[in-house]
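Read through the structure below, which is laid out as structure tokens, and then see the notes.
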Amino acid sequence: MNAARPATAARQPRRPWLVLIGVVLALVLAGVVLLQVQQLGRLSVALHTGSEVRAAQLHRQEVEYLQLREEWQRALDPTLKQDLRALSLRYDIWVSRVALLREDTAARRTAMSIRRDLDDTLRRADDFVRRADPLMAPELPPVQRRAALAGLQPELMALGEDMRELSLAAAHLTTEEQTRRNLLLSRYTRIAIGMTALLALMVLAFAALSLRQMRQLQRRHDALEALTADLRIARRAAEAHSRAKSHFLADMSHEIRTPFQGLLGMLGMLRDTGLDARQIDYLRTATESADHLLAVLNDILDMSQLEAGRLQLSPAPVTLRHLLQDVESLMRPQAHARHLALHVDADPAVPERARLDATRVKQVLFNLLSNAIKFSQRGTVELALRCESTDGGERLQFAVTDTGPGMDVETVARLFERFERGPQQQPGAPRGSGLGLEISRSLARLMGGDLEVSSEPGRGSRFSFSVPLEPVLGSEAAAAAPRELEVGPPPQRLDVLVAEDHAVNRQVLAALLDSLGHRAHFVPGGREAIAAVQRQRFDLVLMDLHMPDIDGIEATRRIRALPERAAATAPIVALTADAFTDTRERCLVAGMNNFLGKPVSRERLGALLRQLFGSSAGSDAAAAAEPLPQRLDTAPSEVAPLLDAQAVARTVELLSAARYANVLGDFLDQAPATAQRLRKAVRDAQPLELRVHAHATRGAALNLGLAALAATAEGLQNGAAHLPAHEVARLVQRFEDLIVATRHAAEQAGLLPAAAVLPSAR
Amino acid sequence: MPRRRDVLRGGVALALGGAGAAWALEPPSGGIVLTISGQVRNPNDGAHAQFDMPMLERLPQTSFSTHTPWYSQARQFTGPLLRDVLRAAGAHGSVLRARALNDYRVDIPFEDPQRYDIIIARLLDGAPMPVRDRGPLFVVYPFDAVPELRNAVYYSRSAWQLRTIEVK
């Protein structure tokens, strides 16, 4: 405001000044042009009819007269020979001069202006000529001519006065005229100088104004530059602050997570210590609060990582149906608790598998669904998955629709702002960190997708979360086929060395390992861990990253450098609450095998141990899995049993009977669709596709112990390229027949309840 | 040898600006009206080139009408071009000093007759000019055809009652 006001005030009076200068300049220039045109006119007149020439002519007149008079005098001298030719020539020249004054020329006009009685003079001259002409006749005798010439001489002399006067007056006239012209010239010159001075003045004024304007522009420019510089500095400072804040948050959440592990672990153990109902109730509340706190912490950590640009996705092939099932099974209790119906639905066009970061996709869906459940009092919450084609290619769209109170435009606009909570939040409903939607949208965008919302008061809300669809390649499809397995004891008792400086964490880990049937050995630091592995052979080393003296990474590096092969090759897994990807990379670079985030749960520890030792040669259960393909190879597919009891038993042991039933039911539900795909591949003569589908199906069937189906699938896989079409078609038909037979056999064997109610994703 | 002289003369004629003027000037038969003295290659009387009226008449004639400061109206002047007369005399130099019967003298730059169609007028409106009528010869510039000639300098070079031209 302050800067703008003087600028406008200064601009107002300048405009009339500019106009004035412009008008004066134009007038002066016009005057100069006018003056010069006038001058040119006068000059050209003077040039064409120069008064000098006229004066010279009149002067010449007198000269000729005088010469005639002289010649005349000579002719009168009797002692000289009379020269008629010379006299006659002089006479004629003088007459021609007089004739010039008779003609209407500039010379005559000048003469007239000097002598009004010019014509009288001319008449006298004519009289003289008339009388002198006969004297010039050659036949006249010289004596007679002399007498006549003498008689006429007084008249000739009388003309002299007129001639003289004309000549003198002409000279005077010329002087006058010249003087007048010089005066005029000097006046013109003075005017021109005046105008030039005025012109120069105007130009100076104009230059001054321009200079002022330029200075003002420069000042404004400088001010803007300064402002820009200030803003740049401010932005850098803000960015630095933001980074510092993110680091602080990450550090804080790390610091909080470590004791938290102890808290959660101890709460878990406390449950098994024979508490009364009231204590169990207290414990449940404490655990819920702790869980909530952990969720908030996770949100904050996610947010700080997102802001620092350090959150990295790890996409992998995912069975979309399983993903939806996981989400549904987790959200159903919440929906149930609030008496809401939960529908999960997938469009048939959605592919079976896709490449995405399942954990992050689930995180977004959990957030959207728990919001929907939180804000709906009755009705239905729906999660629908479908494919949509956009300009950027195929996309997966997860739509979460609720029948809640909806939101007005203003609320929708503020929805993604940090710590913004819905205004109509139900009292008593679990409160979030207020970061959920922001994190969800940031995650969606990080995945190359987006999160959009449409809502109307009273009409419910619809959150649409879309990600680009990355199809799973054939080689990945096989790898993704077996379902990620859940809790189950690993097949052997392991000696585990735990390097951990925190006493509470040591207790928790001891309890966890013990409950999984393993033996835990503890050391308080990195140095002791190095000594321990050299002393004794361990199956696994769990290494805390943050330890005094020698930290986990350094300890790992030293262990890997040990000369004893057994000690140097022991699997080492990092333990840390620091969930950043670069930390993870540092661990792997140092030679660690894996990474276990804090707080360590029984499930995650179990999964890790299975991953490391589940298929080791020492495990009996794992050993049985390997020979299976050989057995199938040697046996014709027609004679393979419907169910391989041993394989079934092994899987049941791993999964639990209920879970096995679940997975088996899914597989059999999906099998007809698989058969359709196989048939289509045969019809379209796509051996590669046929082989990919067959391979994936065979892997799943083998894991579930469905030997006959696996064998048929293998036959299809092997024969896809070279078997005649009718043979392939026969195998597909057999596959379809076997689905029904296998289901029947499973029900007979009690593996599958006859009326199994499965959460359907169809 | 005669051949060589012919060639030489032709070269001189070419150098002077055209063929047809390279013959030796004939001697005048009647009253001399114009004498060209000074640097003259084709003299016919001692060192001078003399012209009588018939000699001038035999040269190619040019005729134009123009206003002059000496007559109230435009008048028609007829006569040979000054440059033809000079060529006939074999004149070469930088200045032509024109002299009139009344001893009026004026210097005409040699380039003037090359640049402008100046004539030595011998007829005024088709009639010969007596001395009383500023004759018999009158140097006339084409004032009407060339505006830049309309000033005192060229008016003064327009000598009337022309008698001699001295080539310097």
Side-chain angles (χ1 to χ4, degrees), chain A residues 40 43-71 84-112 125-126 129-130 132-133 136 174 177-178 181, chain B residues 30-35 66-77 98-107 121-122 124-125 127-164:
Chain A
L40 185 68
L43 203 66
S44 64
V45 166
L47 206 62
H48 288 180
T49 56
S51 61
E52 299 88 345
V53 179
R54 299 193 304 260
Q57 281 180 3
L58 291 176
H59 179 65
R60 194 76 205 171
Q61 163 81 39
E62 194 196 359
V63 173
E64 305 297 1
Y65 165 77
L66 288 175
Q67 287 202 342
L68 173 62
R69 214 160 74 171
E70 198 178 318
E71 198 64 49
L84 178 63
R85 265 193 67 220
L87 178 64
S88 162
L89 181 65
R90 282 292 152 211
Y91 176 67
D92 278 346
I93 290 170
W94 176 72
V95 172
S96 78
R97 279 287 163 189
V98 176
L100 205 64
L101 291 174
R102 205 168 288 121
E103 193 91 31
D104 180 24
T105 59
R108 180 186 157 82
R109 283 196 293 278
T110 309
M112 281 291 276
D126 280 351
V129 169
R130 215 173 9 258
D133 270 353
M136 300 300 159
T174 306
E177 216 168 280
Q178 217 142 32
R181 203 187 303 159
Chain B
I32 291 154
V33 289
L34 177 64
T35 302
T66 183
H67 286 88
T68 60
W70 311 286
Y71 299 98
S72 52
Q73 261 94 46
R75 308 291 289 266
Q76 192 180 40
F77 297 91
R99 198 183 294 257
L101 290 172
N102 64 346
D103 288 329
Y104 175 73
R105 258 159 284 177
V106 69
D107 284 350
R122 50 177 197 83
L124 175 66
D125 292 336
M129 288 179 281
V131 175
R132 288 188 181 196
D133 233 345
R134 275 150 268 175
L137 297 176
F138 196 156
V139 176
V140 184
Y141 280 72
F143 296 110
D144 277 10
V146 187
E148 70 193 48
L149 296 176
R150 288 178 224 150
N151 62 57
V153 171
Y154 292 100
Y155 292 148
S156 67
R157 286 178 192 173
S158 250
W160 70 68
Q161 295 168 340
L162 176 70
R163 197 181 67 199
T164 64

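Hydrogens, waters and symmetry mates are skipped; everything else that's a heavy atom, side chains included, is used. Letters A, B, ... are given to chains in the order of the sequence lines, protein chains preceding strands, and every chain is numbered from 1. Everything numeric here is computed off the predicted structure, so don't read it as measured data.
Summarising the geometry of R97(A) relative to W160(B), their closest heavy-atom pair is NH2-CZ2, 3.2 Å, with the distance given to 0.1 Å.
Here N102(B) contributes atom CG and E64(A) contributes atom CD; the two are 4.0 Å apart, rounded to the nearest 0.5 Å.
No part of R108(A) comes within reach of chain B, as not one of its non-hydrogen atoms sits under 4.5 angstrom from that chain.
Residues satisfying the side-chain hydrogen bond (donor to acceptor under 3.5 Å, both in side chains) test with Q161(B), not counting sequence neighbours, are S96(A). Partners of R163(B) according to the side-chain contact (heavy atoms from CB on, under 4.5 Å) rule, which considers only residues two or more places apart in sequence or in another chain, are R99(B), L101(B), D103(B).
Around CD of E70(A), the count of heavy atoms belonging to other residues, nucleotides or ligands within 6.0 Å does not exceed 12.
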Checking side-chain contact (heavy atoms from CB on, under 4.5 Å) for the pair R132(B)/I93(A): CA distance, chi angles, key distance, verdict?
CA-CA 6 Å; R132(B) 288 188 181 196; I93(A) 290 170; over 6 Å; no
